[in-house]
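To start, the structure itself, in structure tokens.
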Amino acid sequence: MDKNFDFKRAEAEHNAKWIDNAMFRAVVNPDKKPYTIIMPPPNITARLHVGHALTYTIQDAIIRFKRMQGFEALMLPGADHAAIATEVKVAEELKKQGIDKRDLSPEEFMVHINKWYVHYTAEIKTQMKRLGLSCDWSRFGFTMDDQTTLAVNTVFHNLYAKGLIYQGERMINYCTTCGTAVSDAEVEHEARSQTLFTIRFGNIDIATVRPEAIFSAAAVAVNPRDKRYAKLVGKMATIPFINIEIPIIADETAEMKFGTGAVQMTAHSTQSHEFTTKYNITPVKVIGMDGKMFGERVGEFAGMTVAEARKAVAKKLKDEGFLVSEKKHTSNVGVCYRCHVEIEPFVSLQWFVKMKELAKPAIEALNNGLMIVPKKFEKVYLHWLNNIRDWCISRQLLSGHKIPIDGVDDKLDTWFSSALWPFSTLGWPDKTDSPDFKYFYPTDTLVTAYEIIFFWVIRMVFSGIEHTGQLPFHTVLMHGLVRDKIGRKMSKSLGNGIDPLEVIEEYGADVMRFSLIVGTKLDRDPRYSIEKAVLARNFINKIWNAVKFFNVMAADGIDDEINPKALCHADKWILTKLNAIIKSTTKKHEKFDFGVAANELQSFFWNDFCDWYLETVKVSGNKRQSLAVFRHVLVNFLKLMNPLMPYVTEEIYCNVLKMGETIAFEAWPVSEFNFAREKREFDSVIEVVETLRTNKSDDVTAVAVDWAFAAENGLVEKLSGVKIEWRPVAEPTITTKISKIHLVVDEDARCAKVEKQIAHIDMEIERCRKMLSNPGFTNKAPRQKVKEEEDKLLELERQREILAGGK
RNA sequence: GGUCGCUUAACUCAGUUGGUAGAGUACUUGCUCGACACGCAAGAAGUCAUUGGUUCGAGUCCAAUAGCGACCACCA
């Protein structure tokens, strides 16, 4: 065996084996129950980041676990065309080559888009494969492939025919940089510092952060309860520069406390839109879809961008005495989630999905078999669905799915196709009668970071219900976002990101996977730093070395079978411990609690198996049997560990132990051995060893021990490193549960130690007595608990007596 | 403004139904005793954010406060 685990060689070998033999290709198998995970398709615009590594590790852990439990496991991979994001990236690329997107015809531009699709789909696949995912590559889907396109068109026509898709003039969010409408979910709100201007509109002062919009003002609103303006209601205000008169109207929309309490109503805010619709006013538009000022009213500002015009108008207002005051003001501004430029609200002709009706069954789904883990996200889910507004699905882009209506050039929101992903990937609609679709759909668990609940999860749920009549999955598992060492989001601008591919390159995929998961709960945002990779690497090294030890020992002979009658204490102890860890790991995996399970497995292997059991094997009286036990525990451990560490477990199982072609399809371990009494007894032996280790140091000249486990004498001497005289001890200085120990030591040192121990016991006795003398406790606590305390007190008093006597 | 989280050892995190606070790292001390220094053994280290309540008993349940964070929302 190699000195250390050669992950590079092992990863290459096993990955090639898995992929070349299509080992994880799922098939319709009536003898097995299916378990399906449709993987969230990553955007083809970026390299995989550590968040992908986390989510795919979780998904792969689930699917490997289910596969070993005997399910026909399908994990279906794919990639998303990410319409806007890709278009922006391609345009940037072209710019670097000196090509301006606007100089290209749509057809020419699409050539570049298509090239990008091909190149980066392959790239993403390669990167995903490095994580060691056990997905079915033969079913890899792309959101622009024929199958998805068919599903998109079918869904569009179905919804259109039902009147659930309509075209209308509505107030929408428009990104002037991306040049397209975006949906509500695509608008982020950021706190930004702005200037709040107070501007004289003739007889009234209005407050606004958008001086450039004054040219569009069609009314001024004041609160009906605002006494300051009561006599002005019904009068006219005057727009500066252009001297157009507009009415002053009393309406609740104006907040008395904000600014001057008077606000302009224009064509360029949602608040205004609601107002002008209510009063049947049509404001004049002065900002174009290109984000530039236009029209007669704006005069010399025509052609300026909004940002330019804001400055210029403010300056002119000041110069001409219309500006009453200006002050800093922080408020939330809607920005495009892609480019983070301020969103312009526009009334424009777009396509929408009517949501109220579709949302209803999605809300009810929580009572009809949909489970969201952790449960706290149910509230977020419901809140959004209960307040949902129609979904703007048209985008003014060149790439993406075309709205399938003759003469319409708009494309569809990229999430329109994502929403169909759980069933379009399985052949819906054309292969809905196929065994594949019938077998694998509905899928089982959807795993994703919580940030994507609105964009995606909710839309998949209502789409599944609407188009297939079934929930697309029964469980949604939401996990956190990976943060850096001090809790910040990992981002390019902060430079605090960790590249999973670099970690894999340096430490291996198992390290990447294990270190992301171990010791965390999925509902929290895990913090990640490279130190965690080092720890995981050390653990794998520990496993590797234990196997090396086994190999050396087994060369001298090993029994094929475990014979329970021939086992020693330690053998039975570790088998019973194994039994417990199998139960616990299984239970935790069922609850998706992989992080805590990983912690327990690590502790089991390192502390119980290596620190204790492995050491006993060295002095075992029946080595051939003990090694059979060793192998049994090791193999079961490998199986339990496989979902998180597929490579090293596969390498040991197949290449070192030569137990088979792959561990991935071996049955998940079940409890077999349970020796409760022997386990308890060996725990006591350990206690004796630990007692001896603790006490052996300071000036101990001789040790005598009296106990009933003569067979373990050699073991205790070996493990404690103490030379022991085994004889009856009349006056013990220390007693454990199963032994009397007499230490011949330096008196002063011993007395000090004993006194410390007595002080500790006294504290505990005090606590016990207090509890037991409290009638509240003895009357109200469960009888068993009271009995426990009584026994504990007796034992403590006995120990104290012995200690005091020895002194 | 609304909603929801989080706060446990120096650090990263566990802590099932309330019953004397746990792990790993780091730290201190000692280690070449059949694999492992990416290691072995021993040790020290915590007012469980604060306050109040419920209870015989609270890290755990309830309320308030503080700090941090996330999401939602048209205060111009």
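Sequence lines set the chain letters: A, B, ... in the order given, protein chains first and strands last, and positions in each chain run from 1.
A sub-4.0 Å separation between OP1 or OP2 of rA76(B) and a side-chain N or O of Ser331(A) is present. Taking side-chain N and O atoms only, Lys718(A) has a distance below 4.0 Å to OP1 or OP2 of rG34(B). Residue Arg524(A) has a polar side-chain atom (N or O) positioned under 4.0 Å from OP1 or OP2 of rA14(B). Residue Lys379(A) places at least one side-chain N or O closer than 4.0 Å to OP1 or OP2 of rC4(B). Residue His189(A) places no side-chain N or O under 4.0 Å from the OP1 or OP2 atom of rC72(B). Regarding contacts with the backbone of rG15(B), a side-chain N or O of Lys521(A) is found under 4.0 angstrom from either OP1 or OP2. Residue Lys542(A) places at least one side-chain N or O closer than 4.0 Å to OP1 or OP2 of rC40(B).
Within 4.0 Å (heavy atoms only), Glu274(A) reaches at least one base atom of the nucleic acid. Within the nucleic acid shown, Lys257(A) has no heavy atom closer than 4.0 Å to any nucleic acid atom. Among the atoms of the strands shown, none is found under 4.0 Å from any heavy atom of Ala221(A). Residue Arg537(A) is in base contact, counting any heavy-atom pair closer than 4.0 Å across all strands shown. Using a 4.0 Å heavy-atom distance criterion, Lys376(A) is classed as a sugar-phosphate-only contact. Note on Leu614(A): a base of the nucleic acid sits closer than 4.0 angstrom, heavy atoms only. Across all strands shown, Lys623(A) has heavy atoms under 4.0 Å from base atoms, whether or not it also approaches the sugar-phosphate. Here Pro775(A) lies out of heavy-atom contact (under 4.0 Å) with every strand.
Atom CH2 of residue Trp384(A) and atom CD1 of residue Ile458(A) lie 5.5 Å apart, to the nearest 0.5 angstrom.
Residues Ala185(A) and Phe258(A) each lie close to RNA chain B; by heavy-atom proximity, the contact nearer the 5' end of the strand is made by Ala185(A).
Taking the ring centroids of Phe605(A) and Phe609(A), they lie under the 6.0 Å cut-off. Ring centroids of Phe594(A) and His479(A) are separated by 6.0 Å or more, keeping the two rings apart. Residues Tyr647(A) and Phe5(A) place their aromatic rings such that the two centres sit no closer than 6.0 Å.
The side-chain heavy atoms of Arg624(A) and Ile558(A), taken from C-beta on, include no pair separated by under 4.5 Å.
Using the Watson-Crick or G-U wobble rule with both distances under 3.5 Å, rG19(B) pairs with rC56(B). The partner of rG39(B) is rC31(B), by the rule that a Watson-Crick or G-U pair needs both atom distances under 3.5 Å. Nucleotide rU7(B) has rA66(B) as its partner under the Watson-Crick or G-U criteria, with both atom distances under 3.5 Å. In this structure, rG1(B) forms a base pair with rC72(B), meeting either the Watson-Crick or the G-U wobble geometry with both donor-acceptor distances under 3.5 Å. The partner of rU47(B) is absent, by the rule that a Watson-Crick or G-U pair needs both atom distances under 3.5 Å.
When the P atom is used for both rG57(B) and rG15(B), the distance is 26 Å, rounded to whole Å.
Between the side chain of Asn551(A) and the base of rA35(B), no donor-acceptor pair of N or O atoms lies under 3.5 Å.
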